[in-house]
Chemist: 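There's a structure below that I have some questions on.
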Amino acid sequence: MGRTLEAVRTRDLKSLFGFFGLEAHPELLEAHRAAIAARFTLEVQEIVDRCQNLHEQERRKLFREALRLAYQSCVGDAAERAWLPPHRRRGGPGAIRAA
């Protein structure tokens, strides 16, 4: 078993973001933990089933992308808004509003 697959099987969701060098907003991660984990688990199983002969580096890239997409699909636009400074958030102070 490769290092990446072992990490996916043994680490919690929050530490996986660090392992793969991805950022996740803590409140959104906590609020959507079950959905993100379920989606990521399905994606990882699909990769393992279809791509058994991958090199470790390729497997790591695919798992990283699977985690990123699982997070993005579960939290959606909330993730993007959470990282914007208040003056750039839609409807926040300083936002341009339609008349």
Chemist: What residues, two or more places apart in sequence or in another chain, satisfy side-chain contact (heavy atoms from CB on, under 4.5 Å) together with Arg64?
Modeler: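 Phe20, Leu22.
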
Chemist: Closer than 4.0 angstrom, basic N to acidic O: yes or no for Glu6 and Arg3?
Modeler: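 Not counted as a salt bridge, because no side-chain N and carboxylate O are separated by less than 4.0 Å.
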
Chemist: Run the side chain to side chain donor-acceptor pair (under 3.5 Å) test against Arg33 and tell me which residues pass, sequence neighbours left out.
Modeler: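 Arg33 satisfies side chain to side chain donor-acceptor pair (under 3.5 Å) with Glu30 once adjacent residues are dropped.
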
Chemist: Taking ring-ring contact (aromatic ring centres under 6.0 Å, His included) as the test, write out the residues that go with Phe17, two or more places apart.
Modeler: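 Scan of Phe17 (ring-ring contact (aromatic ring centres under 6.0 Å, His included), adjacent residues dropped) gives Tyr71.
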
Chemist: Say you draw a straight line from NZ of Lys61 to CD1 of Ile47; how long is it, rounded to the nearest 0.5 Å?
Modeler: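 So the gap between those two atoms works out to 13.5 Å.
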
Chemist: Could you check Leu67 against Leu13 for side-chain contact (heavy atoms from CB on, under 4.5 Å), going step by step and ending with a plain yes or no?
Modeler: CA-CA 9 Å; Leu67 182 59; Leu13 191 60; 3.9 Å; yes

Chemist: Can you confirm whether Val8 sits close enough to Phe40 that some side-chain heavy atom of one is under 4.5 Å from a side-chain heavy atom of the other?
Modeler: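 Side chain of Val8 against side chain of Phe40, heavy atoms only: contact under 4.5 Å found.
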
Chemist: State which residues pass side-chain contact (heavy atoms from CB on, under 4.5 Å) with Asp49; sequence neighbours excluded, sorted by chain then number.
Modeler: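 Checked Asp49 against side-chain contact (heavy atoms from CB on, under 4.5 Å); matches are Gln45.
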
Chemist: Just jot down the side-chain contact (heavy atoms from CB on, under 4.5 Å) partners of Lys14, sequence neighbours excluded, or say none.
Modeler: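 Testing Lys14 for side-chain contact (heavy atoms from CB on, under 4.5 Å), a comparison that skips the adjacent residues, returns Asp12, Leu29.
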
Chemist: Which heavy atom of His32 sits nearest to which heavy atom of Cys74, and what is that distance?
Modeler: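 Heavy atoms of His32 and Cys74 come nearest at ND1-O, 3.6 Å.
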
Chemist: Does the Glu56 side chain pair with the main chain of Thr4, one donor and one acceptor, at a distance under 3.5 Å?
Modeler: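 Answer holds: yes.
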
Chemist: If you measure from CZ on Arg39 to CD on Gln72, what distance do you get to the nearest 0.5 Å?
Modeler: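 That separation rounds to 11.0 Å.
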
Chemist: Between CD of Glu23 and NE2 of His25, what distance do you get to the nearest 0.5 Å?
Modeler: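 These two atoms lie 10.5 Å from each other.
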
Chemist: Only counting residues at least two apart or in another chain, list the ones meeting side-chain contact (heavy atoms from CB on, under 4.5 Å) with Glu65.
Modeler: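 Glu65 satisfies side-chain contact (heavy atoms from CB on, under 4.5 Å) with Arg68, Leu69 only.
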
